[in-house]
Each structure stands twice: as structure tokens, then as C-alpha cells.
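Atoms considered below: every heavy atom in the structure, side chains included; atoms not considered: hydrogens, waters and symmetry mates. Numbering of ligands and ligand atoms starts at 1, following listing order. Keep in mind that this is a model prediction, so the values were computed, not measured.
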Amino acid sequence: MTTFSDIIDLLQHQLRDLAEDDSSAKLIQQLITEGQLHHKSTWAGHMTPAVDSPALLGQALAGIHNGNLLSPELYPQLVAIERQLLDWFCQLFQQPFAHFTHGSSYGNLDALWQAREQAKNSSNIVYGSQAAHYSISKACRVLGLNFQPIPTNNLGQIDVNALRTACQHIAPIAIVATAGTTSCGAIDPIQQCLAIAKEFNSWCHIDAAWGGALMLSSTHQHHLAGIEQADSVCIDPHKALGQPKPCSLLLYKQPLASSSDLDVDYLTQAPKQTIGGSYGGELFLPLWCSLIINGKQSFSDQIDQRLMQAERFACALKRHTNWWLSPSATGIVCFKPPTHINLTDLINLGLLSTAKVNGQTVYRVVFANATSQAEPLLAALKIYF
Ligand SMILES: Cc1ncc(COP(=O)(O)O)c(C=O)c1O
């Protein structure tokens with residue numbers, strides 16, 4: 001089978017030979033080396049996985065095809081593959097409808113747009129935790145909604161008592177629960193958020209951009225219990241399933257509200273009721289190639305593998321240090337050593353990053369890759385113990 005290094009070799013030779021001058025050839029070489037960062041066993045800086053070789057082939061396939069699914073009648077094969085993948089995710093999340101998006105910033109915007117279009121009450125308030133991704137407040141600004149952050153508890157989850165009190169004060173149009181916060185990977189209490197949303201007749205959106213991947217693992221999906229009851233859910237295979245950007249989905253309970261005033265005379269089909277415009281196989285052919293070449297089980301194995309590495313990392317840090325430590329169920333481990341320890345060098349090497357958890361700046365290790373290993377990360381940290 002074509003491996004990742006075969007593709008790298010091909011690129012290196014082809015592009016270097018084609019480049020007009022030496023400096024461009026050198027730049028190509030440097031770019032390829034720069035991107036290899038994500039394949040290191042110590043890569044744990046961000047939610048950016050190494051892309052597997054089938055997905056790379058899928059990217060090439062998408063480029064060769066280049067169809068635009070705003071004219072689906074021209075591309076029945078592409079439509080069939082998209083449908084197959086959407087059906088698979090719909091079944092997994094027990095949500096009847098879904099579409100691909102260019103990332104969860106778009107997914108969150110699409111979801112809150114629908115919440116506004118299909119509003120069950122006249123509120124313009126959206127509640128989510130103070131750890132919700134900033135794309136939620138951005139989406140609210142675009143939509144003329146008012147995002148009001150709710151404090152988090154010491155696990156980084158939304159404080160459900162504070163959420164309930166806020167709802168009693170003003171019922172929201174939507175509640176956003178996060179399944180896998182960007183900073184520390186916390187999963188908000190999904191069932192309680194759903195119950196509160198139901199009580200106040202509000203839309204419940206779950207931002208599972210990072211943590212949604214757990215649904216693919218029979219060992220870990222229990223952390224997302226209740227997710228099938230949400231009005232909408234977004235998930236990013238480009239964060240936690242080894243896919244290249246952009247690859248993201250929004251799943252939902254009700255068909256999208258039609259904006260009948262949108263009339264486009266050059267399109268034979270009605271325009272889609274989504275934020276995104278032109279799109280084609282680039283959103284899903286890499287994922288499809290990973291599935292048909294590696295198999296579904298490989299996704300589940302990858303998730304189990306990286307969560308096991310995250311757990312090993314957290315357990316070892318707990319054993320060897322008395323640093324403040326916050327492991328999560330989604331593969332992010334946050335920690336805070338005494339203030340005289342400065343880990344900037346490790347940040348610059350891509351081993352970790354910083355994040356704010358409940359107002360304090362902490363270090364953060366993100367197991368986005370099945371290839372990220374606890375041992376070499378701990379070895380790099382050991383000189384600071
Ligand atoms: C929880 C969460 N939601 C949404 C997003 C936005 O996703 P994207 O960068 O794919 O637009 C992120 C990005 O890190 C995230 O962590």
C-alpha cells in the first residue's frame with residue numbers, strides 16, 4: 001500500500017524538479033519538513049492530527065474530481081458517497097439530518113442560525129459555559145443574538161446550577177453544551193443541559209468538535225450519553241479523526257428551515273439552507289478513503305490508543321509530581337507546575353501549549369494523534385520534575 005513516506009517522496013521529487021528556482025525548491029523542502037511536526041511521537045501542542053495516507057489520497061481524488069455539489073445532478077457518484085457518509089454519522093449519533101461543513105466555527109454558526117430560524121421562544125439569549133469556544137460568541141454576534149457565558153466548575157464544566165438560575169431569570173433561545181472544551185477537554189453535563197433546555201423550551205446545541213469522536217469508540221462513547229437528544233451537534237474529524245482540514249459535520253433533529261426568499265436564477269436546485277457555499281469532495285473524500293482503506297475499526301482503535309496515552313501521561317505526572325493536574329475524558333491533559341518552571345521551550349517544539357482554565361494559565365497536552373506517546377513527552381518533561 002502507498003505509505004505516507006511514498007507520498008512525501010513523490011512530492012519532494014516532483015515539486016523540487018518542477019520549481020523554477022532553487023529558493024522555491026528549498027522552500028518546498030522546508031514546508032514538507034515543517035508539516036512533519038505532526039507525525040512526531042512528542043507532538044501534543046494542538047488539536048491538529050497527522051493526516052493518514054489514505055486521507056492524503058482522498059485529497060488528491062477530491063482535487064482531480066473538483067465537482068461542486070451545489071449542482072448535485074451532475075455528480076451522482078459524489079452525491080452517493082456523501083450520502084453514505086452522512087447516513088453513517090446520522091446512525092452513529094442517532095440524529096436524522098446532517099451536512100458537512102468547513103469546520104465547527106461554521107457548524108456552530110449554522111446550528112445557532114437554525115435555532116434562531118426555528119425558535120421555540122422569543123428570546124435572543126444564548127447560554128454556554130465561559131469555556132465555550134469563541135466561535136459561539138462570534139456566531140451570536142453575526143446572528144444578532146446575545147451570548148451570555150455561564151461560570152464553570154473546578155472540572156471546567158458548565159455550572160448547571162448557575163445555568164438553571166440564569167434560565168429562570170431569562171429563558172434562552174439556545175443552550176450550548178460543549179463536549180470537549182478547547183482549553184481542558186471537559187465535557188459539560190450533557191443530560192442536565194438537555195433537561196434544562198427542554199424545561200425552558202430552548203434549543204440545545206452540543207459543540208462536540210473535539211469530543212464527538214468518542215462516539216466511535218464503544219469503550220468511551222458513554223461519556224456522551226444523551227447526545228442523541230440534542231437539537232444539533234457538531235463534530236470535527238479534522239481534529240480528532242486524523243483528517244485533513246476542512247472536514248466537519250453538523251447533525252440535527254429537524255430539517256433545516258427553508259429560506260424561501262433565497263432565489264438564485266443560475267442554479268437549477270434551490271440553494272442550500274446552510275452557511276457554506278460551493279463545496280465538493282474535499283470535505284469528505286479523504287474521510288471516505290480512510291474508511292474504505294483502513295476500515296471503521298481503525299478509527300475506534302485510534303481513539304482508544306490516544307486516550308490510553310493521555311491517561312498514561314496524566315497518571316505518570318500524578319505519580320512523579322505534586323503539580324496541579326486536570327486530566328479529561330477526551331485526551332487533553334492540563335497541568336500547572338510551580339511558577340519558577342518555564343516550559344516555553346517545549347511549547348516552541350510543539351510538545352504542549354498554554355490555555356486558560358477558570359482564569360488561570362496552565363500548560364496543556366493534547367493527544368490528537370494515535371502516534372503521540374506519553375513516554376517521550378514525559379522524558380522531555382522529566383528534567384523539570
Ligand atoms: C470546542 C471547539 N468548538 C469549535 C471549534 C472551532 O472549530 P474550527 O476550528 O474547525 O472552526 C474548536 C476549535 O478548536 C473547538 O475546540
Side-chain angles (χ1 to χ4, degrees), residues 38 44-49 51 55 89 93 98-113 115 126-143 147 149-150 152 155-158 174-190 193 204-215 223-224 227 230 232-251 274-277 279 282-284 286-287 306 310 328-334 352-357 362 364-369:
H38 310 128
H46 295 280
M47 296 170 172
T48 308
V51 170
F89 277 100
F93 282 83
H99 63 265
F100 282 96
T101 73
H102 289 77
S104 280
S105 296
Y106 297 92
N108 286 333
L109 181 54
D110 261 341
L112 291 173
W113 184 24
V126 174
Y127 295 129
S129 92
Q130 65 187 26
H133 189 258
Y134 71 92
S135 56
I136 297 291
S137 52
K138 199 163 60 170
C140 288
R141 279 195 200 182
V142 171
L143 295 166
F147 178 67
I150 304 291
T152 46
L155 299 173
Q157 303 166 308
I158 194 165
I175 290 174
V176 177
T178 307
T181 55
T182 320
S183 51
C184 70
I187 300 178
D188 286 339
I190 291 177
C193 290
C204 188
H205 172 60
I206 301 189
D207 178 354
W210 168 245
L214 267 58
M215 280 306 275
H223 292 292
L224 304 178
I227 201 165
S232 53
V233 179
C234 62
I235 165 179
D236 273 355
H238 69 211
K239 290 186 171 54
L241 288 177
Q243 292 303 305
K245 293 176 284 304
C247 181
S248 178
L249 289 106
L250 181 68
L251 301 115
T274 60
I275 298 291
Y279 78 101
E282 72 286 350
L283 290 189
F284 54 83
L287 181 66
R306 60 185 185 77
S328 73
T330 60
I332 296 181
V333 182
C334 287
L352 36 90
S353 46
T354 55
K356 271 211 166 141
V357 176
V362 300
R364 161 184 182 258
V365 175
V366 184
F367 287 83
N369 259 349

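- With respect to atom 3 (N) of ligand 1, the closest heavy atom belonging to the protein is Asp207 OD2, 2.6 Å.
- Residue contacts with ligand 1: Gly180 is included, with a non-hydrogen atom under 4.0 Å away.
- Side-chain atoms of Ser129 and Thr152 form no donor-acceptor pair, as typed in the model, at a separation below 3.5 Å.
- The nearest heavy-atom contact from the protein to atom 6 (C) of ligand 1 is His133 CE1, 3.3 Å.
- Side-chain atoms of Asn369 and His38 form no donor-acceptor pair, as typed in the model, at a separation below 3.5 Å.
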(message) Let's go through Ile187 and Thr178 carefully: what are the C-alpha distance in whole Å and the side-chain angles of both, what is the deciding distance for side-chain contact (heavy atoms from CB on, under 4.5 Å) to 0.1 Å, and is it a yes or a no?
(response) CA-CA 6 Å; Ile187 300 178; Thr178 307; over 6 Å; no
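- Heavy-atom proximity to Ala209, at under 4.0 Å, picks out these atoms of ligand 1: 2 (C), 3 (N), 4 (C).
- Within the listing of ligand 1, atoms 7 (O), 8 (P), 10 (O) sit less than 4.0 angstrom from a heavy atom of Asp236.
- Remark: side-chain polar atoms of Asp236 are paired, donor with acceptor, to backbone N or O of Ser104 under 3.5 angstrom.
- With a 4.0 Å cut-off on non-hydrogen atoms, Lys239 touches ligand 1 through its side chain and not its backbone.
- Looking at Ser105 against ligand 1, both its backbone and its side chain come within 4.0 Å, counting heavy atoms.
- Per-residue contacts place Asn108 under 4.0 angstrom from the following atoms of ligand 1 (heavy atoms of the residue considered): 4 (C).
- For the pair His102 and ligand 1, no heavy-atom separation below 4.0 Å is found.
- Residue-environment remark: CZ (Phe147) exceeds the threshold of 12 foreign heavy atoms within 6.0 Å.
- Among the atoms of Thr181, none of the N or O lies under 3.5 angstrom from an N or O of ligand 1.
- A side-chain donor-acceptor contact under 3.5 Å links Arg306 to the backbone of Phe367.
- Residue Lys245 does not touch ligand 1, judged by heavy-atom distances below 4.0 Å.
- The atoms of ligand 1 that sit less than 4.0 Å from any heavy atom of His238 are 10 (O).
- The shortest contact between atom 16 (O) of ligand 1 and any protein heavy atom is with Thr182 OG1, 2.9 Å.
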(request) Report the C-alpha distance between Ile190 and Leu224 in whole Å, list the side-chain angles of each, state the deciding distance to 0.1 Å, and finish with yes or no for side-chain contact (heavy atoms from CB on, under 4.5 Å). (result) CA-CA 7 Å; Ile190 291 177; Leu224 304 178; 4.1 Å; yes
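- No hydrogens or angles considered: nothing links the side chains of Thr274 and Asp110 as a donor-acceptor pair under 3.5 Å.
- By the 4.5 Å heavy-atom criterion applied to side chains, Met47 and Thr330 are not counted as neighbours.
- Applying the 4.0 Å criterion to heavy atoms of Met47 picks out, from ligand 1, the atoms 14 (O), 16 (O).
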